[in-house]
2 protein chains.
Amino acid sequence: MEKRIPSYYDIEKAASRISGYIHRTPVMTSLQLNNIFKASLYFKCENLQKVGAFKFRGATNAVLSLSEKELTGGIITHSSGNHAAAVSLAAGMRGAKAYIVMPSNSPDVKKDAVAGYGADITFCEPTLQAREDAANKIIENTGATFVHAYDNYNVICGQGTAGLELVNDHPDLDIVLGPVGGGGLMSGTALAVKGFSENILVYGAEPLGADDAYRSIKSGKYIAHHKPDTIADGLLTTLSRRTFSILSDKLDDIFRVKEENIISSMRLIWERMKIIVEPSSAVTLAAILENPDMFSNRKVGIILSGGNVDLSRLPF
Amino acid sequence: MEKRIPSYYDIEKAASRISGYIHRTPVMTSLQLNNIFKASLYFKCENLQKVGAFKFRGATNAVLSLSEKELTGGIITHSSGNHAAAVSLAAGMRGAKAYIVMPSNSPDVKKDAVAGYGADITFCEPTLQAREDAANKIIENTGATFVHAYDNYNVICGQGTAGLELVNDHPDLDIVLGPVGGGGLMSGTALAVKGFSENILVYGAEPLGADDAYRSIKSGKYIAHHKPDTIADGLLTTLSRRTFSILSDKLDDIFRVKEENIISSMRLIWERMKIIVEPSSAVTLAAILENPDMFSNRKVGIILSGGNVDLSRLPF
């Protein structure tokens with residue numbers, strides 16, 4: 001499957017493969033938010049997914065797709081966040097060892113979560129080079145199989161199952177809107193939604209301070225490096241070649257949003273919906289706030305990507 | 001109905017009366033919390049109810065039970081919190097005017113919520129006497145019908161519908177546990193659960209700093225006044241004669257919990273379940289934390305009463 005871009009059928013297969021392992025998360029609505037935004041909003045609550053984020057879908061699909069032989073040396077990834085926890089939990093489901101390379105400056109809450117799932121953690125300097133070097137060294141020593149957080153078609157297909165559930169529950173949506181970091185969730189979402197119906201518009205949302213996807217897609221030239229600066233800690237990563245290619249083809253538009261609107265949108269979701277979402281999830285609502293004419297009176301599906309927040313360091 | 005203690009049948013009638021107006025809230029579970037508490041916990045999420053609290057059930061049942069004649073002068077209550085918002089919204093559903101007497105020191109967020117539902121607000125000094133005086137003056141002038149927050153059988157029956165839904169969804173529960181403030185929710189819950197099955201134990205939980213219900217029930221002597229001091233702002237009220245009578249008869253036990261355990265339990269729910277609950281909701285989990293032997297390996301239904309929190313003033 002690594003040779004070609006996944007099809008709608010691949011996402012359906014992923015959905016059936018992981019269905020016994022993941023939560024089928026609820027789609028929530030809020031009359032108050034509908035009134036404020038003058039649109040009908042359908043929130044797909046991946047903050048209520050296992051490990052508190054959609055990442056568990058992709059990690060589970062990737063791990064379940066590996067052969068016994070590929071599992072014998074264990075599974076390895078480098079990640080500072082939700083993907084690390086997701087791989088750790090998914091590996092455990094198949095009785096495989098998980099090796100996680102984490103930057104030494106990762107928040108304690110995330111280190112604790114990964115350790116809690118029984119992973120073998122290696123800390124490294126907080127640079128991509130150090131992460132890759134540390135991972136390669138472990139691969140040499142153990143023969144572990146690497147599962148990238150988003151530059152991996154099995155991961156992308158797993159992430160797409162959230163959008164697939166959303167349009168199956170609400171087939172009459174006009175728009176589906178998701179956050180863009182490395183592009184794994186957004187790529188899977190676009191493949192799922194466009195495969196379900198070409199008539200549904202698929203939009204991405206990104207912080208202005210981490211707008212590599214916007215610039216790559218709008219210019220048609222892939223930007224491999226950028227220096228992100230945003231509160232949305234799940235969206236610091238850069239598109240990969242695979243996600244750039246899919247999003248360039250499938251995305252109808254992409255919006256950049258201001259930091260203050262990410263924070264105010266996050267607070268609105270907490271206050272009105274009584275659920276906890278991380279800043280990365282709130283870029284979507286911020287995009288509606290900043291572009292009301294694009295969403296007014298439409299039925300809009302929104303992927304709430306995760307809910308892992310350090311409660312001691314809230315922006316409000 | 002005001003003349004006799006409500007029956008299980010009265011709560012079923014309330015459920016059918018209000019079903020088109022309220023949310024049937026989800027029952028959530030968390031493997032992580034089950035592991036921590038070594039019990040199977042079933043959380044009835046009234047924080048996801050309209051107006052963010054169970055109070056909307058009782059207010060709706062009370063307002064829908066009034067005759068057209070009783071509605072002509074409007075509806076009045078005094079409340080600093082969720083009941084005020086609930087009555088305002090419920091009154092609007094029947095096209096009736098809502099008069100709300102609020103203490104002048106109510107949080108802005110609650111004043112705004114009540115005003116947002118179109119209620120006519122009168123501010124008064126923050127004493128029970130001032131609240132009752134202000135309410136009586138308005139009743140004299142308008143003929144409005146008073147709906148007490150909990151010393152009212154129609155309100156109690158409405159509150160009981162949350163527990164009724166919980167045991168209907170999970171008939172094999174061993175225990176149902178709820179918070180005790182004025183006792184409306186707990187009375188309705190006890191009537192519903194014991195009416196459904198005498199075999200299910202019904203426990204109440206209360207802050208140590210507002211333990212009038214504990215002392216009233218344990219001593220058998222009704223305590224009409226106390227000076228509460230707790231972060232659980234929804235549990236500052238005192239039992240009424242009606243709720244004292246029901247709880248003395250129906251409750252299997254009542255626990256008092258420490259402030260620090262309310263706060264740590266609240267944080268656990270936020271962090272592990274990704275939902276927002278107010279401190280009053282967390283006294284239940286705190287009771288399990290402090291009395292593990294009473295709950296170990298049992299199936300425990302927990303009423304999460306509400307999610308209205310001032311995010312600018314969190315205890316963590």
Side-chain angles (χ1 to χ4, degrees), chain A residues 21-33 35-36 43 45-54 56 82 85 89 92-93 107-110 112-113 116-118 263-264 266-278 281 304-316, chain B residues 21-33 35-36 43 45-54 56 82 85 89 92-93 107-110 112-113 116-118 263-264 266-278 281 304-316:
Chain A
Y21 300 90
I22 61 155
H23 288 318
R24 185 173 177 119
T25 51
V27 177
M28 289 179 65
T29 58
S30 163
L31 281 180
Q32 289 185 315
L33 290 181
N35 287 337
I36 292 171
F43 296 90
C45 292
E46 287 300 297
N47 57 326
L48 305 180
Q49 187 53 265
K50 289 182 187 175
V51 313
F54 73 93
F56 187 62
N82 294 330
L89 183 59
M93 293 180 332
D108 284 344
V109 59
K110 296 201 167 168
D112 293 347
Y117 293 123
I263 295 169
S264 68
M266 175 175 159
R267 183 167 183 152
L268 261 181
I269 293 170
W270 287 42
E271 286 184 339
R272 305 302 171 114
M273 298 180 67
K274 315 297 180 194
I275 57 173
I276 290 176
V277 297
E278 53 192 71
S281 295
L304 294 179
S305 49
N308 292 320
V309 181
D310 184 345
L311 294 178
S312 307
R313 297 175 59 190
L314 295 179
F316 41 71
Chain B
Y21 299 90
I22 61 154
H23 289 317
R24 184 172 177 121
T25 51
V27 177
M28 289 180 66
T29 59
S30 163
L31 282 181
Q32 289 186 314
L33 291 181
N35 288 336
I36 292 171
F43 295 91
C45 293
E46 288 300 298
N47 57 327
L48 305 179
Q49 188 53 263
K50 289 184 188 174
V51 314
F54 72 93
F56 187 61
N82 294 330
L89 183 58
M93 295 180 330
D108 284 344
V109 59
K110 297 200 166 169
D112 292 348
Y117 293 123
I263 295 170
S264 68
M266 175 175 160
R267 184 167 182 153
L268 262 181
I269 294 170
W270 287 43
E271 285 184 340
R272 306 302 170 113
M273 298 182 65
K274 315 299 180 191
I275 57 173
I276 291 176
V277 296
E278 53 191 72
S281 296
L304 294 179
S305 49
N308 293 320
V309 181
D310 183 346
L311 294 177
S312 307
R313 297 175 59 189
L314 295 179
F316 42 73

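Atoms considered below: every heavy atom in the structure, side chains included; atoms not considered: hydrogens, waters and symmetry mates. Each chain gets a letter, A, B and so on, in the order the sequences are listed, and its residues count up from 1.
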Chemist: Just verifying a value: how many Å separate Ile36(A) CD1 and Arg272(A) CZ, rounded to the nearest 0.5 Å?
Modeler: 4.0 Å
Chemist: Name the region of Met273(B), side chain, backbone, both or neither, that has any atom closer than 4.5 Å to a heavy atom of chain A.
Modeler: backbone
Chemist: Relative to chain B, which segment of Asn308(A) carries a heavy atom at a distance below 4.5 Å: side chain, backbone, both, or neither?
Modeler: both
Chemist: Pick from Ile275(B), Asn47(B), Leu48(B): which one has the most heavy-atom pairs with chain A under 4.5 Å?
Modeler: Ile275(B)
Chemist: For the residue pair Gln49(B) / Thr25(B), report whether a side-chain donor-acceptor contact shorter than 3.5 Å exists.
Modeler: no
Chemist: side-chain contact (heavy atoms from CB on, under 4.5 Å) between Tyr117(B) and Val51(B): does it pass, once the steps are laid out?
Modeler: CA-CA 10 Å; Tyr117(B) 293 123; Val51(B) 314; 3.5 Å; yes
Chemist: With a 4.5 Å heavy-atom cut-off, do Glu46(A) and Ser305(A) have their side chains touching?
Modeler: no
Chemist: Leu314(A) versus chain B, heavy atoms under 4.5 Å apart: side chain, backbone, both or neither?
Modeler: side chain
